[in-house]
Amino acid sequence: MRLKKHLGQHLLVAGGVIARIAQLIDPKEDEVLVEIGPGTGNLTREVLKYPFRELHLLEVDPSMVERLREELRDVRISIHLVDATDFEFCTLGEDLKVFGNLPYNVASLIVENTVLNHKCIYQAVYMLQKEVAEKLQKGSSWLSTFVRTFYSLDYLMSLPARFFLPPPKVQSALVRLSRKEDLPRVDLRDYKNFLTNLYAMKRKSLKKKIQENLLLELGLDPMLRVEALNPEEVLLLYNMTKS
Ligand code: SAH
């Protein structure tokens, strides 16, 4: 089989690790699961050993889909030939647990789409490029704040390139997004716009981007840069600009 580089096809091949990932996904009896980029189904097969209600596979490569349809015969599975970067997850259920060894070239877009669908995704376990995982967890970027407004993020483990076939040029990491209890009610597109503007030109002080009196009202030094703010403060600022 020829793997397609432009689709980020790096298969997980280390059995012990695959079993550990399935454990961390922790499928449960009543759950509706969604896997992004099942590829040849290495992780899928491990997950099939667990109890759960439904498993939806989202795969963009028609030849992978065809192969999965032939090889995976389990009544709980539905296979969808779709693009996970703009897929409407909420069409599959209201309470989804999502997982996947993501195609790294579009991993950020998939994470963004997860947030856009957060109303019906309560947990996601994703394999990402290590650098991207670290930035999401600790960094200061619009996407990191977008994610951390709705989810708490746990860094589960790092994985060396040799666990994949072919080995990617980068290190990998597994992260878990767990949806927060108290979700802010914001217009997601508008909030995203606010964040992308706020995090553009990061070296500029906050007062160049936000009215100074709003910053002072929140006790924030107008000379600070955006990277000094935590996601809670950013959300407060957003809400103030809207009221
Ligand atoms: N999960 C498999 C393969 C991971 S490789 C394993 O662990 O072995 C990434 C997979 O994502 C590939 O199968 C690739 O075809 C698929 N993919 C790439 N872009 C995608 C997209 N936009 N939407 C859904 N799947 C995609």
Side-chain angles (χ1 to χ4, degrees), residues 36 83-90 94-96 98 102-156 170 173-243:
I36 298 174
D83 181 338
T85 64
D86 61 7
F87 183 72
E88 293 194 21
F89 285 82
C90 299
E94 295 177 342
D95 245 339
L96 308 171
V98 180
L102 301 186
Y104 293 173
N105 49 348
V106 290
S108 294
L109 290 174
I110 292 173
V111 169
E112 176 184 341
N113 195 29
T114 306
V115 178
L116 293 174
N117 285 272
H118 74 268
K119 286 206 168 67
C120 47
I121 300 177
Y122 71 94
Q123 191 189 89
V125 173
Y126 289 151
M127 183 79 72
L128 301 164
Q129 186 175 334
K130 186 173 178 180
E131 198 190 320
V132 173
E134 286 173 350
K135 278 194 184 146
L136 283 178
Q137 196 195 20
K138 294 185 260 179
S140 168
S141 71
W142 83 265
L143 184 57
S144 152
T145 296
F146 198 45
V147 171
R148 282 148 66 205
T149 303
F150 302 93
Y151 292 94
S152 48
L153 203 137
D154 296 302
Y155 190 100
L156 301 176
V170 294
L174 193 71
V175 298
R176 180 173 50 221
L177 277 54
S178 310
R179 194 173 57 195
K180 294 185 175 175
E181 292 286 330
D182 296 314
L183 291 171
R185 267 185 278 157
V186 296
D187 178 300
L188 287 168
R189 301 281 168 193
D190 189 59
Y191 184 51
K192 178 189 162 178
N193 273 339
F194 171 82
L195 293 179
T196 49
N197 287 326
L198 186 66
Y199 284 89
M201 294 180 286
K202 282 192 200 167
R203 297 169 59 83
K204 283 199 175 166
S205 59
L206 288 173
K207 69 172 188 179
K208 298 250 165 69
K209 302 172 180 180
I210 304 235
Q211 283 175 36
E212 205 162 337
N213 61 327
L214 291 184
L215 294 165
L216 292 172
E217 227 174 290
L218 284 177
L220 296 170
D221 177 351
M223 290 311 292
L224 287 177
R225 291 178 186 174
V226 64
E227 63 216 21
L229 302 181
N230 62 39
E232 291 73 31
E233 290 167 330
V234 172
L235 181 63
L236 274 175
L237 263 182
Y238 172 74
N239 285 330
M240 287 189 74
T241 60
K242 294 290 139 189
S243 57

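Since this is a predicted model, take the numbers as computed values, not measurements.
Of the possible donor and acceptor atoms, one in the side chain of E233 sits under 3.5 Å from a partner among the backbone N and O of N230.
Considering all non-hydrogen atoms of both residues, Q137 and Y155 come closest at NE2-CB, 3.7 Å. Nearest heavy-atom pair across L136 and S144 is O-OG, 3.2 Å. Nearest heavy-atom pair across A133 and V175 is CB-CG1, 3.7 Å.
Interatomic distance, L96 CG to F89 CZ, rounded to the nearest 0.5 Å: 8.0 Å. Note that the CG atom of L177 and the CD1 atom of I121 stand 9.5 Å from one another [nearest 0.5 Å]. If you take CG on L235 and CG on L195, they are separated by 9.0 Å, rounding to the nearest 0.5 Å. Separation of atoms CH2 (W142) and CG (N193) is listed at 9.5 Å; rounding is to 0.5 Å. Between the CZ atom of R225 and the NZ atom of K204 there is a distance of 12.5 Å, given to the nearest 0.5 Å. We find the CG-CZ distance between L116 and F87 to be 14.0 Å, quoted to the nearest 0.5 Å.
The salt bridge (Lys or Arg N to Asp or Glu O under 4.0 Å) analysis of residues 136-151, with sequence neighbours excluded, yields no pairs. Residues in residues 210-243 take part in these ring-ring contact (aromatic ring centres under 6.0 Å, His included) pairs, two or more places apart or across chains: Y191-Y238, F194-Y238. For residues 200-230, no residue pair satisfies the ring-ring contact (aromatic ring centres under 6.0 Å, His included) rule, not counting sequence neighbours. Residue pairs satisfying the disulfide bond (SG atoms under 2.5 Å apart) criterion with at least one member in residues 107-148, sequence neighbours excluded, are listed as follows: C90-C120. Annotation: ring-ring contact (aromatic ring centres under 6.0 Å, His included) contacts involving residues 109-141, sequence neighbours excluded, comprise H118-F150. Legend: salt bridge (Lys or Arg N to Asp or Glu O under 4.0 Å) pairs involving residues 105-133, not counting sequence neighbours, sorted by first then second residue: E112-K192, E131-K135.
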Can I get a per-line list of side-chain donor-acceptor pairs under 3.5 Å for residues 102-111, giving both atom names and the distance, sequence neighbours left out?
from	atom 1	to	atom 2	distance (Å)
Y104	OH	S172	OG	2.7
N105	ND2	H6	O	2.8

Would you give me the side-chain donor-acceptor pairs under 3.5 Å for residues 205-219, sequence neighbours excluded?
from	atom 1	to	atom 2	distance (Å)
K209	NZ	L198	O	2.6
K209	NZ	A200	O	2.8
K209	NZ	M201	O	3.0

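Residues passing the salt bridge (Lys or Arg N to Asp or Glu O under 4.0 Å) test with E232, sequence neighbours excluded: K180. In this structure D190 satisfies the salt bridge (Lys or Arg N to Asp or Glu O under 4.0 Å) test together with K242, sequence neighbours excluded. The salt bridge (Lys or Arg N to Asp or Glu O under 4.0 Å) check on D154 picks up R176, with sequence neighbours excluded. Checked against side chain to side chain donor-acceptor pair (under 3.5 Å), T85 has the following partners two or more places apart in sequence or in another chain: D83.
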### Task
Output, in order, the C-alpha distance, side-chain angles, deciding distance and verdict of side chain to side chain contact (heavy atoms under 4.5 Å, CB included) for E88 and N113.
CA-CA 8 Å; E88 293 194 21; N113 195 29; over 6 Å; no

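Between L237 and L220, the closest side-chain pair of non-hydrogen atoms falls below 4.5 Å.
Counted within 6.0 Å of NZ on K202, heavy atoms from surrounding residues, nucleotides or ligands total more than 12; the atom is thus considered enclosed.
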